[in-house]
Amino acid sequence: MKGKIEIDTEMCKGCLFCIEACPKEMIIISEELNLKGYYPAKVNDKGESRCNGCTLCAVACPEAAIEVYREK
Amino acid sequence: MKGKIEIDTEMCKGCLFCIEACPKEMIIISEELNLKGYYPAKVNDKGESRCNGCTLCAVACPEAAIEVYREK
Amino acid sequence: MKKVYSRPKYLKKVPMHYCPGCGHSIVAKLITELVEEMDIADRTICIPPAGCAVLLYNYFDFDCVESAHGRGGAIATAMKRVLPDRVIFTYQGDGDLAAIGTAETIHAANRGERFTTIFINNAVYGMTGGQMAPTTLFNQKTTTSQFGREMRRDGAPIKMSEMLATLDEGVAYIERTTVIDVPSIKKTKKAIKKAFQIQMDDIGFSLVEVLSPCPTNWKMNPLQSCKWIDEDMTKVFPLGVIKDITENKKVKEAVNAD
Amino acid sequence: MKKVYSRPKYLKKVPMHYCPGCGHSIVAKLITELVEEMDIADRTICIPPAGCAVLLYNYFDFDCVESAHGRGGAIATAMKRVLPDRVIFTYQGDGDLAAIGTAETIHAANRGERFTTIFINNAVYGMTGGQMAPTTLFNQKTTTSQFGREMRRDGAPIKMSEMLATLDEGVAYIERTTVIDVPSIKKTKKAIKKAFQIQMDDIGFSLVEVLSPCPTNWKMNPLQSCKWIDEDMTKVFPLGVIKDITENKKVKEAVNAD
Amino acid sequence: MRGNTVVGEAAIRAGCTCYFGYPITPQNELPEYMSRRLTEIEDGIFIQSESEISAINMVLGASVAGARVMTSSSSPGISLKQEGISFLCGDELPAVIVNMVRGGPGLGNISPAQSDYFQSTRGGGHGDYRTVVLAPASCQEMADLTMEAFDISDYYRNPVLILADGMLGQMMEPVTFENYKPRELPKKDYIIDGAKGRPSRFVRSLILNTKDMEEHNWKLMRKYKMITKNEIKCDEFMMDDAKIAVVAYGTAARIAKGAVKRARKEGLKVGLIRPITLWPYPSEVIKKWARSVSLFVVFEMSAGQMIEDVELSLKGSSEVYFYGRPGGVIPTPMELVKIISSQYYQKGF
Amino acid sequence: MRGNTVVGEAAIRAGCTCYFGYPITPQNELPEYMSRRLTEIEDGIFIQSESEISAINMVLGASVAGARVMTSSSSPGISLKQEGISFLCGDELPAVIVNMVRGGPGLGNISPAQSDYFQSTRGGGHGDYRTVVLAPASCQEMADLTMEAFDISDYYRNPVLILADGMLGQMMEPVTFENYKPRELPKKDYIIDGAKGRPSRFVRSLILNTKDMEEHNWKLMRKYKMITKNEIKCDEFMMDDAKIAVVAYGTAARIAKGAVKRARKEGLKVGLIRPITLWPYPSEVIKKWARSVSLFVVFEMSAGQMIEDVELSLKGSSEVYFYGRPGGVIPTPMELVKIISSQYYQKGF
Amino acid sequence: MQIKTIFAGFGGQGVLMMGYTFAVAAMREDKIVTYLPSYGAEVRGGTANCTVAISDEEIASPIASSPEFIVVMNKPSLHSFQNKVQTGGILFLNSTLIDEDPSRGDIESIAIDAGDMAEGIGDARTANLIMLGAFIKKTNLVNIDAAIGGLGDIFEGKKKVIEMNSNALTIGYDSLK
Amino acid sequence: MQIKTIFAGFGGQGVLMMGYTFAVAAMREDKIVTYLPSYGAEVRGGTANCTVAISDEEIASPIASSPEFIVVMNKPSLHSFQNKVQTGGILFLNSTLIDEDPSRGDIESIAIDAGDMAEGIGDARTANLIMLGAFIKKTNLVNIDAAIGGLGDIFEGKKKVIEMNSNALTIGYDSLK
Ligand SMILES: Cc1ncc(C[n+]2csc(CCOP(=O)(O)OP(=O)(O)O)c2C)c(N)n1
Ligand SMILES: Cc1ncc(C[n+]2csc(CCOP(=O)(O)OP(=O)(O)O)c2C)c(N)n1
Ligand code: SF4
Ligand code: SF4
Ligand code: SF4
Ligand code: SF4
Ligand code: SF4
Ligand code: SF4
Ligand SMILES: [Mg+2]
Ligand SMILES: [Mg+2]
C-alpha cells in the first residue's frame, strides 16, 4: 500500500503532532517560517516515500491542514 | 418524680406537637381562641397531675411556649 | 420545683412569624439552645436567607447578616476569612441553597470554607407561597407543579447533600436529620453541635440538612406533615450521616491533638 | 490515488484562531467530522461559550448561537424544548461550565434535558490569559495561583463529571476522554458520537469531558502538554465512562425498541 | 382575574408558548398561572428555572429558536437579569419581560414601588441599548399592553419590558382580551433552527472589530429612533385648561387621576399626563403643554427618577415640582390633592 | 506599572486587605496582581470566586465584617453584580468596585468604551440608590482616586465605583502613591463581628414596614445630598475665554484635551470640562460656564449617555452638541478637532 | 357612586374569599370593580385583608384610605382598621371573636355572631360568608342572588363547597332583618 | 516635544517587551511616558503591537494615529502599519522576515537583519532587543545605557536573561553606525 500527504503550510501552526503521530517518520519541520510566523510541517522528501496513507497524521492535526491520499 | 409545665398561650399556635409528645397525656387543646386566632394548648387540669417534668413537650414545642419544672 | 426547661436565653422573647408546626421554628429554637450550651453567643454570626427564615435576626440574640437570595455561601466565605475565630453559619432553604444558590454552595464547600450551613429542606418554596423546589418529590403538587412534579418537565428532586459529599477533603461533615418528633429533634441538635464543633476545630465545611415540615404549603396539618416526612420524604432523602471525615483516623488524631 | 482524509466538509476553510497544539482545534475538527458522518448538518445547533472557543461559529458550517459566559445550559434547555428534533450541543470550557455556569449545568443535567455538552477541561481559563480554573490541579501555577493552587485558599480541583453522575435518571451518559494522541482522539470521537446518539434517542442528558491541552497558558510546548495530561492530569481526572444508563437493560430495550 | 393572571392570559392569547421564571413576590400568580395554562397549549413550555439568570438565558434560547417567550420577576430578580437583557439587545432578539416592581434597594419589601424606572429606561445592563418600557395602569391595560408587547418586540427584534407593581398585579378588574389587533410582522429570518435548506448562520453579540461593533451600535440607535418615532403612547386627562399638570405613570397615575378629579371638584385647573411608554418617553407631549401649563408636578412612588425625563423634555421651559414616596408606600389621592392645591395657591393661579 | 496594577497597588496602600473577583478582560492584571500582592499582606485575602455574583456577595461579607474590600470586573460582569450593589447600598456598606468598561451590549468586545455610564450613575440595580462614580483619566488619577475611593466609601458607608476602560487599564505612566491624605473616618460601629461586649445587632435591607422603608430611603437621599454637596470633582482646562466647551471624562477626556490643545493652536477658543465624579455630577460647574460658553460639545465613547447630565445641568440655557463613538472605537484627537472647528465656524464664532 | 369596603381578619378566616365573593357578585351586576388583597404574601402569619371598590365609573385607586364599610373578623383587625372607616360609615364585626365595641361614636357598628352561627351549621370556616351575607343585606350593594350565583364561578364544579357556602350566605343574609 | 512609536509583530516575537523596555528607559530619563499594549488579549493568535509615547509634557492620548516611528517585525505588520507613519517618519523593519520594501516614498525605511543577528548570538528570541538597539541608535530618543539599566528593573534577579538581552541591545545598537 502506498500513500501520499499534502500539508497546507499556511494552515499549519507547527505543533509537531503529525510528526509524533507518523509511524513512518515521513514528516519533518520546515526551516522556513510561514506567513503567520510558524515553522510549518512538511513532507520529508529525502529518500524514498514510505508513506502508506494511514491518515494518522491527519487525524492528529488540530488544524485539519493535512490531506491524505492512498492507492487502493 | 413530679413535674409541672406552664404554657404561654399567647405564644402557642396550636400545632399539637406537645400533645403528641407527652407520654402522660397531660396536655389538651383549649376551646378558647387566643389573640392570634389559634386554639392553644393547655394543661389538662382534670384529674390528678401525672406530669413528671420529662420536658418532652417543651423540646417538641416549636414556639418555645412551654416551661417545665421538676422536683429534684 | 426547679425550672428544667425554659425558653432559650438567646431566643428573643417575641413571637415568631412562622406558621403553626413549621420546622423553621424548631430549628431556630435548637440553635439558640446550642449557642447557649456552647457559650458562643458573643462570637456566633448567623446569615439568614431570603426565605421564610429571612427574619431570623428578629429572633436570634446574636449577630446576623441578611443575604441576597442564595448567596449565603459567598457572604459566609468572606466573613469567615476575615473573622476566622468566629462561629459563622448560613441558614438556608432548599430554594435558596439548591436552586439559585447552587454555585455558591458547591464552591464554598469545595474550598472547604470553615463555616456551617443549616439547610432546611421543606421540599417547597415556603415564603413565596408554595412553588416547586429543587427538592420537591415526584408527583408532589405545588403551585407551579399543579399536577405533580414530573421527571420530564421538572427533573428529579436534587440530593444536594449527596452531591456535596462527592467533593474533596474540603467537605468535612454532612448529615441529614429531621424534626418530626422528640428523638429526631435531639438528633438534629447533636448534628448541628457537631457541625459547629468541626468549624471551631478548623476541619472543613459542615452542613446539616433538616427535613422540615411546611404544613401551610403542603396543605396538611402539623402532625400530618410529620407523618409525610417520615413516610414519603425520607424515602427520597434518607436520614443519617452522609459524609464525616472526622471518622477518618488522621483527622481524628489531628483534631484530638489540639 | 484516492483521497482518504480531507478537511471535514462542515469545517469552514478559514484558519482557526487557536494556539498551536490547542485541544479546542482537535475537538472542533472531530465534531465537524461527526456531523458529516451522521449527516445531521441541517439540524445541528452548537452553542459556543465565552472562552477560547467563542468564535466556533466562524468555523462550523452549521447553525450556532452565542451564549453569555456559563449560560449554555440554560440556552440549550430552551432551544431543545422548542426544537425537540434538532441535535443541540453546548461547547463549554471549565471556567464556563464548572465555575460561573455551575448551576445552569447541574440543573439542566438534572432535568435530563436532551442536549449534549462537550466540556473542554484544560485546567485553566484560556481566553482570559491563564487564570486558575475550578479544575486547576493542586500546585499548578496560574496567573491567579502564582505559587500553585492550594487547598486552603483555592479549594480542590472539581470533578464536575463525577458530581453530575450522582444526579438521577436525567443524566444518561458521561465520559471523560482526551485528545493527546491518535487513539485518544478516536475515543473522543466515539464518545461524542454516542452522546449525540443518546440525545437523538431521547434518553437523557449526555456530556463528554475532554482533557484538552492549553500549551500557551501551561507554558509548555504542544507535546509537553500532551505528556502532562497523560502523566498528571489524568491522575486527578481519570479517563473513562463515568455514567452510562444505556448499559442499564431497561433503557437498552427501550432504545432498541424504536 | 388578577393583574398577574391577566398578563399571563394575555400572553397566551398573543401566542406566547414559552414561559421561564423563578418565583418572587409579588408576581407569583403569573408563573403559577402559566405553569398550568401552558400545559393546555400545544407546544406550551413552562420551566421554573433554577434562578433568574437561568430564566433570562432560557428566554434567549427560546427566542432565538423562534418562539414567543416571556419571563417575569420583581426588582431583585430583574437586577439579576441585566446581563441577559443586554445580550438580548445585542443579539437583537425579541422577548417580553415583566417587572412587578417592589420596594428597594436590596431585599426591600414587596409593596408597590416605582423605583426601578432608571434601571428600566436607561438600561441596567452594560452597553448602549434600550428596551421598550410599557407602564400599564389598569388590568385592561395589562392585557392590551402585554399583547402588544409581543408584537412590538417581534417587529423591532428588541426586548420589551412591562413595568407594573404588586398593586396592579394583585388587583382584580373586569378585562376583555378582544382589543388586540395583531400587527403584520416580518418573517423571522434570523432564527436558529438548523441550516435546513439554507446556508448556516449564527447569532452573536461579540464583534471584535471595533468598526463593525460601532456600526452595529449605530444600527441599534437607528432602530431606537424608529421606535421613538412610532411607538410613543401617552394619556392626557383634563389637560385642556390645566395650569398644573401632574405627570405620573402606572399605579401613581391611578392615584393621581383620583387626585385630579378631586382637585377639579375644588375648582383647581389641574390635569394629568400619563406616559404609557416610559421608553420611548413622550417628551413631545410634555413639551407641547409647556406653553399652557405653568407647573409640572411629577409624582412618583420613588425618590425621583422619571423627573429627569420630564426635565429633559422641558429643558427649562417650565417649572417642575417633585412629589414622591419611595419604599413601597402607597400615597393617597388626598395627600396629592394637598400638594397640588398648596402649589396652586402658592403660585397664585 | 500598568493602570490595572496601579489600581491594585493603590488599593493595598489604602489598606485594602480583601479582593474578590472573577476574570474578565480587560482588567485581568488587577486580580492577578492582587492574587500575588495580598499573600504578602498580613490578613490579606484573595479569592477568585466562582462568578461575579459570588464576588460581589463576598465583598458584602468582607465589608460587613469590617474589612476594606475591592472587586473589579468589566461590563458584562458588572451587570451581574447589580443585585449585589443594590444590597450594598440598601445595607449601607462600603466597597470599592472597579469597572474597566468594554464595548457592548452583550459580549461586545474588549476595547475601551464608555457605554456603562447610565448603569453606573443611575444604578443598574433596583431601588432608589446611588453609587459614587469616579472616572480617572490617567494612571496617576487611578492611584489617587482608588485610594480616595476607600475613604469616601467608608465615610458615607456607600459603594464607590471606579469607571475606567481597557486603555487606562493597559496604559503605563509614571505614578506616585504619595498624594493620598487619609480622611478622618468614623468608627465602624455597624459591623457584624460577634456580639462581644455589646448587644447583638444585625444588618439587613428588608424593611417590611413601608413607612420605615420610606424613611430608610429618605435617609439614603439625605446622604446622597451630602455627598453631592461635598464630593464633586471636576477639572477645567482652558475654559476662561472658551466659546466652545468640550465635556468629556476618562479616556475620552484625554483625547479631548489633545484636541483642545490643537484647536487652540489653530486659534479656536475651546476649553475642556472634565467631570471626575460622574455621580455626583458637577452640574454647577457646567451651569456656571453657560454664561460664557455658547456651545457644549459632549464627547463620549458611547452613543450618548452623559449628554443627559449635561442637558439636565444646563436646562436649556445653552446649546448642546453630541459627538460619540460607541462600540469600542477609540477616536483620535484630530477627528474631534474637525468636529470642533466645523461647529466653531458654523456658529460663526 | 363609588363605595369601598375593607375586609379584615387573620389568615385562615377566609377574609380574602369574603372580599372576592363580593367582588365577583358586583361584577356580575356589571359594576366596575377592583379587588385588592393586601401584601402579606412574602411573610407568614399576621392579619389578612382586602379592599373591594365598586363603582359606576372608572376607579382611580383601588386602595381605601377611608372606606365606607369595614368588615372585621377578629380583635387585632378591629384595632388596626376601626379608625379608617368614614364618618357615617358602617363597621361590621364578628362578635364571636370580638367582645369590644368600636371606640368611635361617629360610625354605625353592626355585630354578627358569625363564628357561632358557622359552628351552628357545622363548618366553622363558613363564618366568612355568613358575615358577607349580613353585609349584603345591610348595604344592599349587590343582590344576594348575584353573590350566590358567583359562587358557581369561584368554586367551579365543587358542588359541596358551593352548597355549604351559599347556605352560609343565606343564613347571614337572613340574620339581619 | 512628543514622539510616538508603534512596535508590531506577531505574538511570540516579544514586541510588547521591546516597547516596554523602551518605555522603561525613557522613564529612567525622567520623560513623561505612556505605554499602551494592544487589546488582543481575549482572542488568541494574530498580531501583537504596542504604542509608546514619550514627551516633556503631559501626554493627551497614548494612542498613535500617525506615529513618528514604527518598528515592524513581520510582513503582516508591515502591511497593517506602514500607512500610519507620519510623512518624514521612519519605519524600522526586521529584514530577516520581511523581504519587501515599504510602498511609500515619503518615509525613511531602515532594514535590520535582526532575526539572523539573533540566531548569530544563539537565541532567536533576542531579535526584539537587537531591533530596539538599532532603533535607539538611530532615533537617539534615549540613551542606550538607560535601556540597558532598565533591563535590571524588568527582569529583576534573572541574571542570565539580563545579560543576554543587554548583549542583544548592544549588538543592535552597534549594527547601525
Ligand atoms: C433574587 C431573588 N429571587 C427571588 C426571591 C424571592 N424569594 C424569596 S424566598 C424564596 C425561596 C424560598 O424558598 P426556600 O429557599 O426553600 O425557603 P423556605 O421559605 O421554603 O424556607 C424566593 C424565591 C428573592 N427574594 N430574591
Ligand atoms: C460574565 C462574564 N464574566 C467573565 C467573562 C470573561 N471570560 C471570558 S471566557 C472566560 C473563561 C475562559 O475559561 P474556560 O471557560 O475554561 O474556557 P477556555 O478559554 O479555557 O477554553 C472568562 C472568565 C465574560 N465574558 N463574561
Ligand atoms: S499518512 Fe500515515 S504514513 Fe503517511 S505521513 Fe501520514 S501518518 Fe505518516
Ligand atoms: S499536526 Fe498539523 S498543525 Fe501540527 S505541525 Fe502537523 S500539519 Fe502542522
Ligand atoms: S413535662 Fe413531660 S409529662 Fe409533663 S407535660 Fe411535658 S411531656 Fe408531659
Ligand atoms: S407544641 Fe407549643 S405551639 Fe404547639 S400546641 Fe404545644 S404549646 Fe402550642
Ligand atoms: S410557609 Fe411553610 S416554611 Fe414558611 S413559615 Fe409557613 S410552614 Fe414554615
Ligand atoms: S489559550 Fe489555551 S485554550 Fe486558548 S487557544 Fe490557546 S492553547 Fe487553546
Ligand atoms: Mg423551602
Ligand atoms: Mg478552560
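Below, read A as the first sequence line, B as the second, and so on, with proteins coming before strands; counting in each chain starts at 1.
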query = Heavy-atom distance under 4.5 Å to chain D: side chain of A/E63, backbone, both or neither?
reply = both
query = Under a 4.0 Å N-O cut-off, is there an ion pair linking D/K3 with A/E67?
reply = yes
query = Between atom CD1 of A/I66 and atom CZ of D/R7, what is the distance when rounded to the nearest 0.5 Å?
reply = 12.0 Å
query = If you measure from CE on D/M1 to CZ on A/R70, what distance do you get to the nearest 0.5 Å?
reply = 11.5 Å
request  = Against chain A, label D/C226 side chain, backbone, both or neither, depending on which of its atoms sit under 4.5 Å from a heavy atom there.
outcome  = side chain
ask   = Is there side-chain contact between D/Y18 and A/P62, with at least one heavy-atom pair below 4.5 Å?
value = no
note = Turns out that what part of D/K186 lies under 4.5 Å from chain A's heavy atoms comes down to side chain
query = For D/E231, does the CD atom have more than 12 heavy-atom neighbours from other residues, nucleotides or ligands under 6.0 Å away?
reply = yes
inquiry  = Within a 6.0 Å radius of atom NZ on D/K141, are there more than 12 heavy atoms belonging to other residues, nucleotides or ligands?
reply    = no
inquiry  = Please classify the contact between D/P8 and chain A as side chain, backbone, both or neither, with a heavy-atom cut-off of under 4.5 Å.
reply    = side chain
key: Considering all heavy atoms, the nearest A/A64-D/L11 contact   = CB-CD2, 3.8 Å
task = Write down the atom of A/M11, the atom of D/V14, and the distance for their closest heavy-atom approach.
result = CE-C, 3.7 Å
query = Which atoms form the tightest heavy-atom contact between D/I185 and A/A60, and what is the distance?
reply = CD1-CA, 3.8 Å
ask   = For the residue pair A/C61 and D/K29, what are the closest heavy atoms and their distance?
value = O-NZ, 2.8 Å
query = Of the backbone (N, CA, C, O) and the side chain (C-beta and beyond), which part of A/I5 lies under 4.5 Å from a heavy atom of chain D, both, or neither?
reply = neither
note = Looking only at A/T55, A/L16, A/V59, the option with the highest number of non-hydrogen pairs under 4.5 Å against chain D is A/V59
query = For atom NZ of D/K194, is the number of surrounding heavy atoms from other residues, nucleotides or ligands below 6.0 Å larger than 12?
reply = yes
request  = For each of A/C15, A/G14, A/A21, tally heavy-atom pairs with chain D at distances under 4.5 Å, and name the one with the top tally.
outcome  = A/C15
task = Sort out for me which of D/V27, D/I26, D/T32 touches chain A most, counting heavy-atom pairs under 4.5 Å.
result = D/I26
key: Audit row: A/C57, D/Y5, side chain to side chain contact (heavy atoms under 4.5 Å, CB included) steps and yes/no   = CA-CA 10 Å; A/C57 55; D/Y5 189 98; over 6 Å; no
ask   = For the atom pair OG (D/S25) and CZ (A/F17), what is the distance rounded to the nearest 0.5 Å?
value = 8.5 Å
request  = To the nearest 0.5 Å, tell me how far A/E71 CD sits from D/K2 NZ.
outcome  = 13.0 Å
request  = Would you mind telling me which of D/I180, D/V182, D/L223 makes a side chain to side chain contact (heavy atoms under 4.5 Å, CB included) with A/E20?
outcome  = D/L223
